[in-house]
Amino acid sequence: MSELTPMMRQYLEIKADYPDAILFFRLGDFYEMFLDDAVKASRILDITLTSRGKGGDGNDVPLCGVPYHSAAPYIARLIEAGEKVAICEQVEDPKSVKGIVRREVVKVVTPGLVVESESLSPKENNYLLSLFGDGGSRWGVAYLDISTGDFRVTETDGEDAVWSEVACVDPREILVPASLRDSGRLAGRADLAAGRMISAIDEWVYDRDYVERLIRSHFGVASPDAIGCGGLAEGLQAAAAVLHYLQQTQKGRVDHIRDLRVYRSQEFLVLDESTRRNLELTATLSEGKRRGSLLGLLDRTATAMGGRKLRQWINYPLVSVEKITNRQDAVAELVTAAGVRTAMREVLDGVYDLERLNGRISLASSGAKDLVALRASLEKLPPLFDLLDGVDASLLREIRAEIDPLEDVKELVARGIVTDPPFVLREGGIIADGYHAELDELRAISREGKGFIARLEAQEKGRTGISSLKIRYNKVFGYYIEVTKSNLSSIPEDYIRRQTLANAERFITPELKEYEEKVLGAEERIVELEYGLFQEIRQQVAAQGERIARTADRLATLDVLVALAEVAHERGYCRPVVDEGDVFSVTEGRHPVVEALNVSERFVSNDVLLDNAENQLVIITGPNMAGKSTFMRQVALIALMAQMGSFVPAAEARIGVVDRIFTRVGASDNLARGQSTFMVEMMETAAILRNATPRSLIVLDEIGRGTSTFDGVSIAWAVAEYLHDTERCAAKTLFATHYHELTELAVTRGRIKNCNVAVKEWNDQVIFLRKIVPGGASHSYGIQVARLAGLPHEVIERAKEILQNLEKGEYAEGGVPRIAKGKRGTAAKESPQLSLFEQGADLVRTRLAGLNIAALTPLEALNILDELKRMV
Ligand code: ADP
């Protein structure tokens, strides 16, 4: 180490504290990176790697750098590549110190804590999520979007629920206790962790005392109760880890994070991770695109904050009939009042992202342009008030009352900042004329400078009679008077010689120098003063952050309501009746996305009726490609949209509030988790049977497909029976299957009904009618669909032959399907498939039940044992 330069030593000392970040080390006008950081960054940023021979061990030190004033895009790229960047600045004025300047890390930029707009998508939150569990089933989950200040916390039961929350929040970075990261438990969920940075937090941070202290000091409250977090344990621990991480990375203040919103899953319609994916709520299954998802369809929001809010509404539909009705009332009024709706959209269109502006202003990372954008947005409020004054719905009236006109902020910015300020803050031109008396005076001096010089030049020409006399300026001499050699005889006494050129001489006069000092001093002072005034204005605006945040939130809600009304109007949706009843009925329902995107085929609407009394479980049969999945997803989406407060694609709908939606749809191999399709299918089915309630809606598509037919039919059959017979999970269920055998279930179970997707058979071909009709399909049409797909004729004919043979064995002599159970749950005697072992076991059971063990002699016991053995 002794051979290291002092600067390198300083670098290594600082770097030791930030081993997992790329250190941007400020050297004059550059941020330099050294050693491994340089190698890595030069590769990611595609910049030149050079070297310096001061590493200490005789080797060259790899080095690369980026200019300080254009560092932002480079930082953004490193973050995008999943790196953290620690920004290390000179914290002393190099001019005023001897030796090495003190440097400190002033901020660490991490993927989860980005505020720079280059790295953010406008309509998506950028969350940092923290999860904590200490061995029990309870977990705390907290997440923060530092760019908007949105900070929420919840507690969940079980690890599955945690991952479901992670999938829903979709964070860029996850904070976990170091022990959890090192335990390897996360590896099992690599699919969910993929693409997200995992940052470990030291164990001691989760200590209860420290947690309380952090919460109290950040929110300035006496106890967590004061911010509504009293009942939380793991949740608070997770939230405190976020605050701790903020302290480590942001260094400065994060005043715009004023709220920690507690939510509980019972307040929302619960959607597990696979349901969210299957229903393509925010991204499509196949390509992960927004277009083709429900969000893509509904997002007619005008503002970025509205876009983010809509995503939240989709991810967290409500269960309170009162709250749903409240939103519906607002949407309904906006659907009817077309003029108001259009006018509101126009106004909202001019509103910038107030949440993120507010975040940047509070974090002192804003420029003057941000303040101007804020003002421009606030100017839209009066016309919006005019529009809102005319509406009735209580939610809209509430929004009207809660939007703060923020006149003071608007007025301050209008008075203080010019209308089109520059990006840079250190070159003046930001503060408006008339805002500050001294600034105005300095500007007058600087402005007059040019006129003064022209006047002085004319005056000197007159005084000396030298018509070629010039007054000029250069950086070395400042202002000077230049006279050609031939005129030197005419110069006055008071000219002081400064420089001799080949054919001219340069002079100064006391008057000129005095003036020069005033002008140049003024310019320097202007820049400094403007910067100070700007910071003052910024701070004054930041102090109103809470009001701005509330207004932004209300505007976002209004934007979503207007967007939902727009879609409802455009696509002819109806207002569903949402109540506490158990009836779920939809007349002429459509799939919102398929209807909108698949223009090649006219969408055929369908009805559905589900309830807990007679139509609890509907078996839908029909060939592949008939439209079963589409129908079932459409039912689930209609439920979800209704509970978001949206109108729904149907002629009429009555939705008894649903507590959870479960789907088991299609075959999605989860290769990232190393599980086969069938295993995933069974795990998802198990989770459904464990968690469903009579208030839930279950959509099961092709259960038991990933195994042999007999296995498959048996599992599907048993699952359907279980859902029917088990009171705890007797949920409203749509059960699609291409096993037409399952239609027999309706014979033995009262609340099971059959439907099928009508097809027309014509010349050994099938034509899809897309209409759901009562009754079961008589066969599976698999072979016909295979023909449609182009399988060779010989294969099709042979398959038909085999099918006929197989079908002969399907029913018992009495016409009862061999796999149907009797009502009391005993196996039908005729079933040859299952009876052999079952019967033996039953006999053994009966024989055992009849024994009085206490009365048996050892010999008798041995004989009976022998007899039992022969039975099995
Ligand atoms: P299944 O689940 O029975 O195999 P799908 O639901 O996947 O069938 O539907 C097959 C295709 O039919 C889809 O691509 C969809 O676009 C189209 N489709 C489904 N239902 C309808 C409908 N009601 N009206 C028009 N087209 C439909």
Tyr143 ring center near Phe151 ring center (under 6.0 Å)
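Here the rings of Phe151 and Tyr143 have centres that are no less than 6.0 Å from each other.
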
For residues Tyr210 and Trp204, establish whether the separation of their ring centroids is below 6.0 Å.
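Here the rings of Trp204 and Tyr210 have centres that are less than 6.0 Å from each other.
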
Check: Leu354 main-chain N/O paired with Asn358 side-chain donor or acceptor under 3.5 Å
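No, Asn358 side chain to Leu354 backbone: no donor-acceptor pair under 3.5 Å.
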
State which residues pass side-chain contact (heavy atoms from CB on, under 4.5 Å) with Ser223; sequence neighbours excluded, sorted by chain then number.
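With sequence neighbours excluded, Ser223 shows a side-chain contact (heavy atoms from CB on, under 4.5 Å) to Asp225, given in chain and number order.
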
[X] versus [Y], closest heavy-atom pair with distance:
| X | Y | answer |
| --- | --- | --- |
| Met197 | Gly82 | CE-O, 3.0 Å |
| Gly645 | Val331 | O-CG2, 3.7 Å |
| Val319 | Leu269 | CG1-N, 3.6 Å |
| Arg695 | Val657 | NE-O, 2.8 Å |

Is it the case that [X] and [Y] place a side-chain donor and acceptor less than 3.5 Å from each other?
| X | Y | value |
| --- | --- | --- |
| Ser362 | Asp255 | no |
| Asn326 | Ser394 | yes |
| Ser164 | Asp272 | no |
| Asp659 | Ser696 | yes |
| Ser320 | Glu267 | no |
| Asp150 | Thr148 | no |
| Ser199 | Lys84 | yes |
| Lys123 | Thr301 | yes |
| Asn315 | Arg276 | yes |
| Glu280 | Ser293 | no |
| Arg664 | Thr685 | no |

Determine whether more than 12 heavy atoms belonging to other residues, nucleotides or ligands lie under 6.0 Å from atom NZ of Lys289.
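Not more than 12 within 6.0 Å, no.
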
Heavy-atom count around Tyr245 OH within 6.0 Å, excluding the residue itself: above 12?
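Atom OH in Tyr245 is packed in, count exceeds 12.
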
Set out, in order, the CA-CA distance, both residues' side-chain angles and the distance that settles salt bridge (charged side-chain N to carboxylate O under 4.0 Å, His left out) for Glu212 and Arg208, then state yes or no.
CA-CA 6 Å; Glu212 276 231 25; Arg208 292 285 167 91; over 6 Å; no

Does the side chain of [Y] come within less than 4.5 Å of [X]'s, by heavy atoms?
| X | Y | result |
| --- | --- | --- |
| Arg660 | Phe662 | yes |
| Arg356 | Arg308 | yes |
| Leu734 | Val635 | yes |

Plane angle bin for Phe132 and Tyr206 - parallel if under 30°, tilted between 30 and 60°, otherwise perpendicular
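It falls in the parallel class, under 30°.
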
When Gln544 is tested against each of Glu546, Gln540, Arg547 for side-chain hydrogen bond (donor to acceptor under 3.5 Å, both in side chains), which residue passes?
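Testing each of Glu546, Gln540, Arg547 against Gln544, the sole residue satisfying side-chain hydrogen bond (donor to acceptor under 3.5 Å, both in side chains) is Arg547.
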
Please test Thr154 against Glu165 for side-chain hydrogen bond (donor to acceptor under 3.5 Å, both in side chains), starting from the C-alpha separation and ending with a verdict.
CA-CA 9 Å; Thr154 191; Glu165 210 55 31; 6.0 Å; no

Salt bridge (charged side-chain N to carboxylate O under 4.0 Å, His left out) between Asp259 and Arg152, intermediate numbers included:
CA-CA 8 Å; Asp259 244 351; Arg152 294 165 199 251; over 6 Å; no

Checking Asp353 against Arg360 for the salt bridge (charged side-chain N to carboxylate O under 4.0 Å, His left out) test, could you report, in this order, the C-alpha distance in whole Å, the side-chain angles of both residues, the deciding distance, and whether it holds?
CA-CA 11 Å; Asp353 193 341; Arg360 284 207 294 276; over 6 Å; no

Intermediate values then yes/no, side-chain contact (heavy atoms from CB on, under 4.5 Å), Val211 and Asp207
CA-CA 6 Å; Val211 164; Asp207 174 79; 5.9 Å; no

May I have the step-by-step check of side-chain hydrogen bond (donor to acceptor under 3.5 Å, both in side chains) for Asp559 and Thr303, ending in yes or no?
CA-CA 7 Å; Asp559 194 10; Thr303 68; 2.6 Å; yes

Which is it for Asp370 and Arg538 under the salt bridge (charged side-chain N to carboxylate O under 4.0 Å, His left out) test, yes or no, and what are the steps along the way?
CA-CA 10 Å; Asp370 289 333; Arg538 188 192 59 70; over 6 Å; no

